[in-house]
Enquirer: 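Sharing a structure below in structure tokens format, with a few things to ask.
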Amino acid sequence: MTRVFSGVKPTGHLTLGNYLGAMRRWAAVDQHRSDALFCVVDLHALTVDHDPARVRRLSRQAASLLLAAGLDPELCTVFVQSHVDEHARLSYVLECVATDGEMRRMIQYKEKAARERERGGSVRLSLLTYPVLMAADILAYGTDEVPVGHDQTQHVELARDLAVRFNQRYGHTFVVPRATSPAVAARVMNLLEPTSKMGKSDDVGPGIVYLLDEPDVVRKKVMRAVTDSGREVVYDREERPGLANLLEILAACAGGDPAELAGKYDSYGALKKDTAEAVVEVLRPVQRRHQELCADPGYVEGVLREGAEKARGMARPTVDAAYRAIGLLPPGTATP
Ligand code: AMP
Ligand code: TRP
């Protein structure tokens, strides 16, 4: 059976981008057709300036939202990364296979490090090595497919490269994974800055629809979305990025094809109104279920405990094999 692994970082409240680009498909498709693991990757949240209490709170919330989005612990494994030691354990070994140059070429590193320096802050070493930890997340489970939004494809490529290199040098140990992305909404853009990703850790709140935004807040944000000059509704990602983003969101929420949907509208206002309602309808059941789960924290905790146990059992043999292959002496085998 195909092994699927993906994760979400608890660095901020989850957004419509997370949902349409990743989580929705994990629930609707991946968990049914594969042996899938979904992880709140909390170690990754420590790569940038963070508040410990907030990371804890957001980790709990992200786990509840994964379940609220429809992940079913009977069908897949849901867990928190730091509960399973194998991730950090494998990450170190993969650091011994990755190169410094390769890490510095990662687009997200370059962007985030530049932003941090602009602010006069320092860049954590873990921000540089982050993609190696992500490769460890993926490779520890013998993952075949990694369903992610477009922003993560370069990181998955790195995981592939490291798997191939390790296998060539030290013998076949890892499955070589590949990224998969949804047909529409693989990159949902910020409503106020349609050339930047709708990212949860960005500062521009009004351009981001959060999964837990009240319906009226969603409506207000969508109605205020930046549209492009011109009056005709056409689908053109390059020339009309604001409009294209709305059409893609509408297509992802209500069904249909962005270019075809464009033909049905003769005003921006009508398009925004329908898009807002479509988003509200998509979020409604997720929010309802999330509220139920908040009333039952023991349930979520139990799911995470069992998930971590299952995940540990799956990762251990592969990580042990990598330790042996790279030359580390297995415990209990030293002869005097
Ligand atoms: P992150 O928020 O970076 O932890 O991302 C979790 C998942 O959501 C990853 O698969 C991302 O590729 C996906 N994702 C995050 N933001 C967006 C976005 N604006 N559009 C599409 N997918 C996204
Ligand atoms: N880096 C991913 C992101 O920012 C999150 C992530 C960490 C991940 N480890 C992963 C995604 C493993 C898929 C597989 O979205």
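Note that ligands are numbered from 1 as they come in the structure, with each ligand's atoms numbered from 1 the same way.
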Enquirer: If you have a sec, work out which protein heavy atom is nearest atom 22 (N) of ligand 1 and how many Å separate them, to one decimal?
Expert: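 Closest protein heavy atom to atom 22 (N) of ligand 1: Gly17 O, 3.2 Å.
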
Enquirer: Quick one: does NZ or CZ of Arg89 land under 6.0 Å from the six-membered ring centre of Tyr323, within 45 degrees of the ring axis?
Expert: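 Checked: cation-pi criterion met.
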
Enquirer: Can you tell me if Gly7 has a non-hydrogen atom under 4.0 Å from ligand 1?
Expert: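 The answer is yes, since Gly7 has a heavy atom less than 4.0 Å from ligand 1.
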
Enquirer: Would you please indicate if the ring centroids of Tyr109 and His155 are separated by under 6.0 Å?
Expert: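 Judged by ring-centre distance (under 6.0 Å), Tyr109 and His155 do not meet the cut-off.
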
Enquirer: Considering heavy atoms of the protein only, find what lies nearest to atom 14 (N) of ligand 1 and give residue, atom and distance to 0.1 Å.
Expert: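 Ranking protein heavy atoms by distance from atom 14 (N) of ligand 1, first comes Asn18 ND2, 3.8 Å.
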
Enquirer: For ligand 1, does Ala186 get within less than 4.0 Å through its side chain, its backbone, both, or neither, judged by non-hydrogen atoms?
Expert: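 Just the backbone.
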
Enquirer: Show the atoms of ligand 1 that are less than 4.0 angstrom away from any heavy atom in Gln152.
Expert: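 What qualifies from ligand 1 is 12 (O).
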
Enquirer: In ligand 1, which numbered atoms sit nearer than 4.0 Å to a non-hydrogen atom of Gly21?
Expert: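 Result: 21 (C), 22 (N).
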
Enquirer: Between His172 and Phe166, does the ring centre distance come in under 6.0 Å?
Expert: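 No; Phe166 has its ring centre 6.0 Å or more from that of His172.
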
Enquirer: Which residue and non-hydrogen atom of the protein lie closest to atom 4 (O) of ligand 1, and at what distance in Å?
Expert: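 Protein heavy atom at minimum distance: Lys9 N, 2.8 Å.
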
Enquirer: Is there at least one pair of N or O atoms, one from Met198 and one from ligand 1, spaced under 3.5 Å apart?
Expert: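 Between Met198 and ligand 1, an N or O pair is found under 3.5 Å apart.
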
Enquirer: For ligand 2, give me the residues whose heavy-atom distance to it is below 4.0 Å, by chain and number please.
Expert: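 Near ligand 2, by chain and number: Phe5, Ser6, Gly7, Lys9, Val41, His44, Tyr130, Met134, Asp137, Ile138, Val146, Val148, Gln152.
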
